[in-house]
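Read the structure below first, then the notes.
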Amino acid sequence: MITYCEALNEAMIQEMERDSSVFVYGIGVPDHKKVFGSTVNILEKFGADRCFDTPIAEDSMTGLGLGAAINGLRPIHIHIRVDFLLLAMNQLANLVSSFSYGIGGKIGVPLVIRAIVGRGWGQGFQHSKSMHATFAHIPGLKIICPTTPVDAKGLMTAAIRENNPVLTFEHRWLYWQTGEVPAEPFTIPIGKGNVVKKGNDITIVATSWMNVEARHASEILGRHGVSVEIVDPRTIAPLDEDIIVDSVNKTGNCVVADNDWVFCGFSAEVAAMVSERCFDKLQSPVKRIGYAHTPCPTARHLENRFYPNAETIVREVERTLSLDRIDLSGEHFYSHEKRFRGPF
Amino acid sequence: MYYINLELYKLMYLIRRSEETIRKYYPQDRMKTPMHMSMGEEAVVAGVVHALHADDQVLGTYRSHALYLAKTRETDVFFSEMYGKATGMAQGKSGSMHLSAPDKGLLCCSAIVASAIPVAMGAAFANKYNKNGKKVAVFFGDGAMDAGVFWETLNFACLKKLPLLFVCEDNGIAVHTSRERRHGFPSMNDVVAGFGCSILEVSSTDPEIIYRTTKKAIAAMEEHEKPFFLRLHYYRYLEHVGINEDFDMGYRSKNEYLEWLKLDPILLQREKLLALGFPSQQLQQHEQTIDDQIARSIDVAENAPFVDVCKLHTGVFTCE
């Protein structure tokens with residue numbers, strides 16, 4: 001059993017051992033905190049030429065990654081917050097994403113960008129965003145949101161071997177998840193979803209951390225006779241539409257629980273796609289769950305209202321299937337403060 | 001002596017005649033792409049590119065007709081891309097602003113001011129990482145020095161001692177805005193030098209002077225293993241985008257242009273070759289060869305097919 005964080009680390013180290021063109025860089029990457037531990041032993045194993053810190057200059061450092069990627073290397077650029085990645089939007093939306101297209105597809109951009117969703121303990125509106133849909137909106141970028149330790153290793157290895165730009169969105173609470181992960185290198189194809197749990201009554205399409213909440217919700221609902229199927233797309237772009245369509249065609253009901261804002265978000269994309277492709281099988285409108293449409297607040301009681309959780313999912317499923325309201329007073333919902341009390 | 005000066009003349013003549021050809025045919029509206037013309041900067045580009053090794057790599061801006069032609073010396077693919085044809089380097093998907101020829105060392109041209117500068121740094125980083133000895137030269141206007149990413153790149157390139165040659169094609173205006181309206185500091189050179197980056201400044205339309213200055217810069221880069229900054233002045237003959245003059249717009253004077261025109265690089269270089277004793281008839285033969293090449297390329301481009309519309313979706317990702 002290893003953690004999600006150890007799985008990411010193992011994938012990077014094994015690929016760096018396999019391929020000398022892989023290097024890792026970003027703000028704080030080699031420092032004592034090691035990006036929540038995900039870059040431990042890399043500096044020690046591979047030296048400062050292949051694992052280095054950068055100035056606080058995300059724009060130019062993304063250009064560095066693009067230039068290195070089109071000139072024979074495989075960079076991994078790490079951002080400890082997605083919010084910091086936004087400084088790189090010009091490079092991503094104007095150069096990285098269109099590079100192959102603008103050169104007739106002759107040259108790829110084997111660039112991996114890791115960005116961490118920093119939710120929790122009062123991180124507020126500039127240290128907690130996910131925004132995977134914003135990046136998935138741009139043609140030319142591949143977007144992955146690994147959920148389990150196996151996904152983390154398999155998708156990270158696939159991303160490093162991919163000849164096109166891949167952005168990974170890693171929810172930091174997932175860093176503590178544990179699971180059995182093969183020790184040898186392996187890949188999970190980018191663009192393949194995963195049925196996390198089989199069921200017959202309703203499909204929950206969950207991204208990133210919302211898979212943990214969806215699993216908890218499905219346990220509660222299962223005790224009350226509702227059979228939930230959970231689909232984790234794992235990749236936002238390209239999206240494994242078929243795995244979602246097959247599930248909804250079977251269950252006839254769909255709730256999308258996204259780890260992001262709802263409006264114009266990934267949940268809207270799934271709802272539209274399901275409505276188009278499963279129209280005659282749908283027994284209820286597709287429902288969507290996500291962040292409140294506000295910047296993320298700091299105070300804990302507001303933060304609790306801002307984020308959806310297992311209870312939000314249970315309530316939405318009740319409404320969708322016209323169930324009686326379940327008494328949740330005895331349920332213990334996840335509190336990250338059991339694991340994490342700050343400061344960063 | 002002949003050789004370098006003749007090569008520089010041929011490069012500049014190719015660039016000038018190609019752009020004159022664009023001006024001739026553009027009103028037909030078959031080249032549907034925004035032209036940012038290089039006219040006036042031929043000596044800068046020819047001098048720098050000729051001083052680089054053939055394996056060295058370059059990146060440019062939307063104003064890179066000269067850079068593409070100097071690096072490749074070919075015009076079939078060039079004009080095909082202008083006409084949006086299947087025989088263009090991006091099958092017409094890129095047009096005038098995003099020229100490239102990676103096998104000849106032109107990695108890309110970007111139409112967002114300053115945005116190719118960090119990409120060039122990444123290419124230089126890869127060359128240093130792979131210890132292949134190649135250099136990268138990145139071309140940009142003085143307007144790019146307004147952008148934060150330029151300073152970010154200068155900082156990191158100096159920090160990591162990367163083999164990156166900054167080539168500032170300084171025409172004194174960003175689109176229509178003079179340096180006086182943009183810079184709150186008196187000396188660009190002093191700020192660049194403050195990063196520990198060596199700098200040479202040239203205000204000349206003589207490509208041989210640009211060539212020799214670039215050779216000095218390259219030697220210094222090799223000796224000290226660090227970046228170098230060239231600030232090369234020129235005068236933009238035409239409007240920011242388009243094929244016309246715009247001296248009636250009031251932001252610059254035609255007299256200024258006429259002064260520079262007396263020092264036109266192609267004109268002066270031709271006179272120099274003749275003064276050196278290069279036979280006039282041979283010079284005309286070289287010119288005719290280039291004229292014929294361009295005429296053939298226009299023919300190739302005009303008669304080439306457009307790419308099938310089903311190819312709209314190809315190339316978003318590489319299929320390697």
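The structure presented is a predicted model; accordingly, all values stated were derived computationally and were not measured. Below, chain A is the first sequence line, B the second, and so on; all start at residue 1.
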Applying a strict 4.5 Å limit to non-hydrogen atoms, the region of B:L107 in contact with chain A is both
For A:G108 and B:T318, which heavy atoms make the closest approach, and how far apart are they? CA-CG2, 3.3 Å
More than 12 foreign heavy atoms under 6.0 Å from CD of A:Q126: is that the case here? no
Would the number of heavy atoms belonging to other residues, nucleotides or ligands and lying under 6.0 Å from CD of B:E225 be above 12? no
Shortest non-hydrogen contact from A:K106 toward B:M89: NZ-O, 2.8 Å
What part of B:S115 is in contact with chain A, defined as an atom under 4.5 angstrom from a non-hydrogen atom: side chain, backbone, both or neither? both
For each of B:V149, B:L99, B:N127, tally heavy-atom pairs with chain A at distances under 4.5 Å, and name the one with the top tally. B:V149
With side-chain contact (heavy atoms from CB on, under 4.5 Å) as the criterion, how do B:N130 and A:L73 come out once you've worked through the C-alpha distance, each side chain's angles and the decisive distance to 0.1 Å? CA-CA 9 Å; B:N130 286 328; A:L73 302 185; 3.7 Å; yes
Checking A:I103 against chain B: side chain, backbone, both or neither under 4.5 Å from a heavy atom? both
So with a 6.0 Å cut-off around CD of A:E15, is the heavy-atom count from everything else above 12? yes
Heavy-atom pair of closest approach, residues B:S94 and A:G102: OG-O, 2.7 Å
Option in B:V307, B:I112, B:N155 with maximal non-hydrogen atom pairs under 4.5 Å from chain A: B:I112
Minimum-distance pair of heavy atoms, taken over all atoms of A:S60 and B:E152: OG-OE1, 2.7 Å
Just do the side-chain contact (heavy atoms from CB on, under 4.5 Å) check on B:V119 and A:I70 with the steps written out, would you? CA-CA 9 Å; B:V119 182; A:I70 61 174; 4.2 Å; yes
Would you say A:K34 has more than 12 foreign heavy atoms packed within less than 6.0 Å of its NZ? yes
Measure distances from A:D49 to the heavy atoms of chain B and classify the residue's part below 4.5 Å as side chain, backbone, both or neither. backbone
Name the region of A:S98, side chain, backbone, both or neither, that has any atom closer than 4.5 Å to a heavy atom of chain B. neither
Which bit of A:T62 comes within less than 4.5 Å of chain B, counting heavy atoms only: side chain, backbone, both or neither? neither
B:L106 versus chain A, heavy atoms under 4.5 Å apart: side chain, backbone, both or neither? neither
Are the ring centres of A:Y25 and B:F125 closer than 6.0 Å? no
What distance do A:Y101 atom OH and B:Q91 atom CD have between them, rounded to the nearest 0.5 Å? 9.0 Å
Using non-hydrogen atoms and a 4.5 Å limit, figure out which bit of B:T153 sits close to chain A: side chain, backbone, both or neither. both
Can you name the nearest heavy-atom pair linking B:Y129 to A:S21, along with the distance? OH-C, 4.1 Å
Kindly indicate whether the side chain of A:L64, heavy atoms from C-beta on, has any atom under 4.5 Å from the side chain of B:P118. no
Quick check on A:F186: does its CZ atom have over 12 non-hydrogen neighbours (other residues, nucleotides or ligands) under 6.0 Å away? yes
Just wondering, are more than 12 heavy atoms of other shown residues or ligands nearer than 6.0 Å to NE2 in B:H240? yes
Non-hydrogen atoms of A:N71 and B:A123 that approach each other most closely: ND2-O, 3.0 Å
Within 6.0 Å of NZ in B:K104, more than 12 heavy atoms from elsewhere: no
Which atoms of B:F317 are under 4.5 Å from chain A, going by heavy atoms: the side chain, the backbone, both sets, or neither? both
Say you draw a straight line from CG of A:L66 to OG of B:S110; how long is it, rounded to the nearest 0.5 Å? 9.5 Å
Can you say whether B:K134 sits under 4.5 Å from chain A via the side chain, the backbone, both, or neither, judging by heavy atoms? neither
